[in-house]
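Chain identifiers are assigned alphabetically (A, B, ...) following the order of the sequence lines, protein sequences preceding nucleic acid strands; residue numbering begins at 1 within each chain. Nothing here was measured: the structure is a model prediction, and the numbers come from that model.
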Protein chains: 6
Amino acid sequence: MNRVPETELVLIPGGTLLTDTPEEGRILAITMARHMIHNIQPDLDVLKAGRPNYAANPDSLIAASQVVAIEFQTIAAANNYWRK
Amino acid sequence: MNRVPETELVLIPGGTLLTDTPEEGRILAITMARHMIHNIQPDLDVLKAGRPNYAANPDSLIAASQVVAIEFQTIAAANNYWRK
Amino acid sequence: MNRVPETELVLIPGGTLLTDTPEEGRILAITMARHMIHNIQPDLDVLKAGRPNYAANPDSLIAASQVVAIEFQTIAAANNYWRK
Amino acid sequence: MNRVPETELVLIPGGTLLTDTPEEGRILAITMARHMIHNIQPDLDVLKAGRPNYAANPDSLIAASQVVAIEFQTIAAANNYWRK
Amino acid sequence: MNRVPETELVLIPGGTLLTDTPEEGRILAITMARHMIHNIQPDLDVLKAGRPNYAANPDSLIAASQVVAIEFQTIAAANNYWRK
Amino acid sequence: MNRVPETELVLIPGGTLLTDTPEEGRILAITMARHMIHNIQPDLDVLKAGRPNYAANPDSLIAASQVVAIEFQTIAAANNYWRK
């Protein structure tokens, strides 16, 4: 098996939900969502094989962006929405 | 690859979740959802190829509007629902 | 293109999430969900063409009502659940 | 058209999210979800025609129960979870 | 019709969202989700007929576990997350 | 039936939603989601039979990661987002 590198399996990169800016919070949401996928399916070849269909399918893109939106809800709340 | 312009890839346009009005908050939700899609699939030709099927399919439209509804929950909370 | 009228494209009709009653809040949730669809697909003919299949399909009806339920969560929180 | 009776179209029956008990709150969630469907599709014959497939399909039952779960989140929060 | 027993139709078994432990809260979430299904489809034979396909289908299992996750959000909040 | 071991059926392993770090909270979210699946379908052979299709299907992976995201929302709130 062509395994995803260990750094791609860390569930919460940086070990905290707190970020300096909303943009960084959004990047964390994306990373958390992607690393979650890697933990369920750590075989890079299988992931790459699914990529073409997935990334060209609007419904799959919408579903993926929904997961990021949910992760971002958590991160935004953690950061008190970066108010002030 | 016909890449989406850089401005379309900014995750949180304006760098804040705070807006003056609910209408602007809703626009931000839409933009965040759209830019998220662009980050997953930055090839404009692929995006355009999927558009006709997606935009004429009620189930896809419902799914897309659900993502915006979730993003808007976060933005509305950030703005204390624009009370007062 | 037979474009949806401008009034059907306003994202937050009335410009506020605050309503006098839960019933009005629910109507706002429905309107926000419907206008969101219109913003993604503003061609009235395409929308009408999809309507017969969508509105007779239980799974599509359930999906649409879920979007309204999510929008309503936001509106209900904004109104402190119309307590008292 | 064999139209759903008017009482089945009221969005928030009773006009409030507040209930005396969790059981009544759950009933309200179910009613709100069902009346929402009726508002999107008020033709009773169409609704009845879809019922056999829908109610025998586990995935549809799961989807419908998810909508109720989301409505119930709102109602439970409105009632401060009926604590004490 | 081979009707689900009355005890399986109670929407909130025990009549409260409050539980002593997270484990009991999770059990309540599962029961609420299952009883919801029973209320929509109270025919035991229909439920049993759908079971083999549903319980062997990973996507259906994921969908069902999502409903429990949503019910559990409500119950956990009601119990202040069993802190202390 | 080749039954999932009892330890894999505990709904909230450790009996608490509180964890020391976000990483541990995320692990708990994954475990809760997986054990939920085991409770619905405790036959290990059926679970293993579904695994190849599921784990190679991007849409299934996205759906599974969404359930974890929802469980994590609850756990993160329980831990006050591990602030400070």
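Between chain F and the options E:N57, E:I30, E:N80, E:T21, heavy-atom pairs under 4.5 Å are most frequent for E:I30. Listed options F:L11, F:V67, F:L17, F:T74 were ranked by heavy-atom pairs under 4.5 angstrom with chain E; first place goes to F:L11.
With a 4.5 Å cut-off on non-hydrogen atoms, F:T16 touches chain E through its backbone but not through its side chain. Contact annotation for E:P22: both backbone and side-chain heavy atoms come within less than 4.5 Å of a heavy atom of chain F. For E:I27, the parts sitting under 4.5 Å from any heavy atom of chain F are the backbone and the side chain alike.
The two atoms that bring E:A55 and F:V46 nearest to each other are O-CG1, 3.9 Å, heavy atoms only. Contact detail for E:R83 and F:A77: the closest heavy-atom pair is NH2-O, 2.8 Å. The shortest non-hydrogen separation linking E:S65 to F:I40 is N-CD1, 4.2 Å. Between E:I62 and F:I37, the shortest heavy-atom contact is N-CD1, 3.9 Å. Closest approach of E:V68 and F:M36 over heavy atoms only: CG1-SD, 3.5 Å.
Panel note: side chain E:E23, backbone F:I12; a donor-acceptor pair is recorded below 3.5 Å. The closest donor-acceptor contact from the side chain of E:Q73 to the backbone of F:I70 lies under 3.5 Å.
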